[in-house]
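Just so you know, residue 1 is the first one in the sequence shown, and it goes up from there. None of these values were measured; they are calculated from a predicted model.
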Amino acid sequence: VTDELLVYGSYGYVGSLVAQVAVEEGESPVLAGRRAERVEAQATELGLDHRTFSLEYPEVVEDNLEEFDAVLNCAGPYSATAGPLVEACVRTGTDYLDLDGQVDVLESTADRGAEAAEAGVTLLPAVGLDVAATDCLAAHLADQVEDPVRLFLAMDGLGTFSPGTVKSMIDGLDRPGVVREDGELRTVPMGWKTRDVEFDGVRKRAVTVPWGNVSTASDATGVQNVETYATVPEFAIQAMHRTRRLVPLLEADPVNGALQRLVDAVVSGPTAAERGQSLTRIFGQVESDSGERAAARLRVPDTYDFTARSAIESARRVLDGEVDDGYVTPARAFGPDYVFEFPGVERRDVDPSREEATVAER
Ligand SMILES: NC(=O)c1ccc[n+]([C@@H]2O[C@H](COP(=O)([O-])OP(=O)(O)OC[C@H]3O[C@@H](n4cnc5c(N)ncnc54)[C@H](OP(=O)(O)O)[C@@H]3O)[C@@H](O)[C@H]2O)c1
């Protein structure tokens, strides 16, 4: 069916995986991007239809979206692409999905929720690993505690990066860290807090890194205090505390454009074999003011495969009319057990009293 789903940014690293998974699963989305030669070559190879347009001119974007029921935006950094596509979706009555994980961009998308609901449009951003998997873990934990008020999430294993992930990190370098406190977003320095977190028996150093959950978790769970962490090597923590930046490798050159081009030249993204070996481990805990707690661990193998499959599955459910209009987070749309739709994902509840060390501040 060619007028159902448009995949924008289809020839990027993640977009290509999404297009491949779609074909493997018998779907026929239309592919799109701003560079004709790239999108033509990809569409020809996969036997799919295509469109070429940039996001520069709102009328052009609207003209191209008009005929589609939904668009899946795989073009990042989302700070440049989510705004124009969300705007066009609200105007044309097209449902919108993306793989965003940036707090400020998610907040901007959420701000369009009421308008989207009025227009009968679903805005379902962040259907990749971060946020879909972590949003589902947060919702699972929140379901076990009465009136949960605090959420702590820590992620280990973001070792293999695609070009867009690195570019999004560069995009975030100019921005400080962010946590949610009493319902409000609070700006904090990068690497604000440090904790030791155990993963499979190995203690690792984790620092506050803003994941999309700082934005989505309060919608998904009602929790008003959210801190998200990632494990990083000790040398990176030292550099971060000196410079308050996340990627010491890139700190020498503050000119984003030049860095983005450098990324294109040197970061090709993990190979299929590397992807197959990748593993993301997530620890989460919620607590209430009365001291009630719940904790769980989630393992997601082959994380890019998860992201691509989740993107297509989410789009399918939106097209089937399973998701409400307006702004919706993945866990709100599909429930906490959505993660089990994907190969190899495991979730284990753990005793929070045995995890004291895990959540103790250093
Ligand atoms: N949520 C998750 O778990 C998850 C996982 C992986 C990736 N991601 C995110 O997904 C995004 C893409 O990652 P990637 O590795 O696929 O990146 P990539 O290989 O650099 O591809 C990015 C794609 O976006 C297009 N694009 C970028 N800026 C654009 C703009 N202003 N207008 C139109 N098209 C634009 C690029 O087209 P050109 O070549 O024409 O520039 C390219 O097709 C990133 O934001 C990344 O953080 C999320």
Side-chain angles (χ1 to χ4, degrees), residues 77-79 82-83 86 98 100-117 123-126 130-155 168-169 171-195 206-230 240-241 244-246 282-295 324 326-333 336 359-362:
Y78 286 99
S79 50
V86 166
D98 69 27
D100 190 9
Q102 282 181 252
V103 177
D104 52 349
V105 184
L106 286 166
E107 289 290 302
S108 302
T109 303
D111 285 347
R112 308 298 303 267
E115 238 179 299
L123 301 180
L124 176 56
D130 161 23
V131 168
T134 44
D135 203 42
C136 288
L137 181 63
H140 169 70
L141 290 166
D143 280 352
Q144 297 171 57
V145 169
E146 204 174 324
D147 298 327
V149 291
R150 269 176 296 284
L151 170 69
F152 164 89
L153 289 168
M155 191 187 287
S168 296
M169 288 165 92
D171 199 41
L173 281 180
D174 297 339
R175 297 162 213 207
V178 57
V179 297
R180 191 176 286 277
E181 264 182 16
D182 297 331
E184 301 295 321
L185 294 182
R186 176 180 164 200
T187 299
V188 295
M190 265 291 181
W192 178 51
K193 284 189 188 174
T194 306
R195 292 175 192 257
V207 293
T208 41
V209 167
W211 318 346
N213 301 82
V214 172
S215 171
T216 62
S218 53
D219 287 293
T221 66
V223 172
Q224 298 299 316
N225 298 276
V226 183
E227 285 179 16
T228 56
Y229 290 70
M240 203 184 300
H241 284 159
R244 291 300 184 193
R245 287 175 168 187
L246 180 60
I282 303 155
F283 173 84
Q285 178 169 298
V286 295
E287 60 185 43
S288 69
D289 277 336
S290 66
E292 200 189 343
R293 287 180 295 173
D324 290 344
Y327 173 81
V328 195
T329 78
R332 267 231 182 272
V359 293
E361 249 176 80
R362 265 190 112 250

### Task
Please tell me if the side chains of T221 and P148 come closer than 4.5 Å, counting only heavy atoms from C-beta onward.
no

### Query
So, the side chain of S218 versus the backbone of Q224: is there a donor-acceptor pair under 3.5 Å, distance only?
no

Got a second to check how far [X]'s [atom1] is from [Y]'s [atom2], nearest 0.5 Å?
| X | Y | atom1 | atom2 | result |
| --- | --- | --- | --- | --- |
| E287 | D147 | CD | CG | 13.5 Å |
| E227 | Q285 | CD | CD | 12.0 Å |
| D182 | N225 | CG | CG | 5.0 Å |
| T187 | E181 | OG1 | CD | 10.5 Å |
| L124 | D100 | CG | CG | 11.5 Å |
| L123 | D111 | CG | CG | 11.0 Å |

### Task
Look at the rings of F283 and F152 and say which category their plane angle falls in: under 30° parallel, 30 to 60° tilted, over 60° perpendicular.
perpendicular

Considering non-hydrogen atoms only, spot the tightest contact between [X] and [Y] and give its length.
| X | Y | result |
| --- | --- | --- |
| T208 | W192 | OG1-N, 2.9 Å |
| V188 | V178 | CG2-N, 3.8 Å |
| V328 | P125 | O-CD, 3.6 Å |
| L137 | L153 | CD2-CD2, 4.0 Å |
| W211 | T134 | CZ3-CG2, 3.4 Å |
| V226 | V214 | CG1-CA, 4.0 Å |

### Message
Suppose we screen for side chain to side chain donor-acceptor pair (under 3.5 Å). Which residues come up paired with E107, at least two apart in sequence or across chains?
### Response
R180, S215

### Query
Hey, which of L106, V105, V86 is the one that makes side chain to side chain contact (heavy atoms under 4.5 Å, CB included) with Y78?
V105

### Task
Taking side-chain contact (heavy atoms from CB on, under 4.5 Å) as the test, write out the residues that go with S288, two or more places apart.
V145, S290, E292

### Summary
Residues passing the side-chain contact (heavy atoms from CB on, under 4.5 Å) test with A220, sequence neighbours excluded, are D135, T329, A331

